[in-house]
Amino acid sequence: MDKQQLNDTLAQLHEELTHGPELDAESRERLLQLVADIQGVLQSDTADQETSPDETRESLSGRVQDAIADFEAAHPQFSELMGRIADGL
């Protein structure tokens with residue numbers, strides 16, 4: 001998945017979070033933080049001096065995979081979008 005497709009999928013997830021089914025505050029905050037972190041990585045033009053870009057993406061991908069496992073049964077629409085995002089990282 002290229003950067004534009006990943007950004008488009010992030011936008012879809014953000015739209016679902018804004019207008020989709022109700023989530024508890026903790027779940028919504030967790031997903032919004034993931035979206036913000038992923039967007040930050042995608043917008044970063046320089047590598048973090050402490051962490052390589054690949055390590056950062058692997059860490060985010062792992063967090064997305066964890067979120068997928070937590071949301072899969074109750075919120076399948078979020079799981080599908082997050083799965084596409086994790087694959088794109």
CA sep, side-chain torsions, deciding dist, call: Asp24, Glu29, side-chain contact (heavy atoms from CB on, under 4.5 Å): CA-CA 9 Å; Asp24 60 84; Glu29 181 60 33; over 6 Å; no

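His14 is listed as a side-chain neighbour of Leu32, based on a closest heavy-atom distance under 4.5 Å. The closest side-chain heavy-atom distance from Leu13 to Glu80 is not below 4.5 Å. The shortest side-chain heavy-atom distance between Glu16 and Leu31 does not fall under the 4.5 Å cut-off. In this structure, the side chains of Lys3 and Leu6 stay at 4.5 Å or more apart for every pair of heavy atoms. The shortest distance between side-chain heavy atoms of Val64 and Ile38 falls below 4.5 Å.
Summarising the geometry, atom CG belonging to Leu81 is positioned 11.0 Å from atom CD belonging to Glu15; distances are rounded to the nearest 0.5 Å. The CD atom of Gln33 sits 14.5 Å away from the CZ atom of Arg28 when rounded to the nearest 0.5 Å.
In terms of modelled atom types and a separation under 3.5 Å, the side chain of Ser27 and the main chain of Leu23 share no donor-acceptor contact.
When all heavy atoms are compared, the tightest approach of Gln39 to Leu10 is CG-CD1, 3.7 Å. Residues Ser61 and Ala86 approach most closely at OG-O, 3.7 Å, considering heavy atoms. Between Phe71 and Ser79, the closest heavy-atom pair is C-OG, 3.3 Å.
Judged by distance alone, the side chains of Gln12 and Arg84 do bring a donor and an acceptor atom under 3.5 Å apart.
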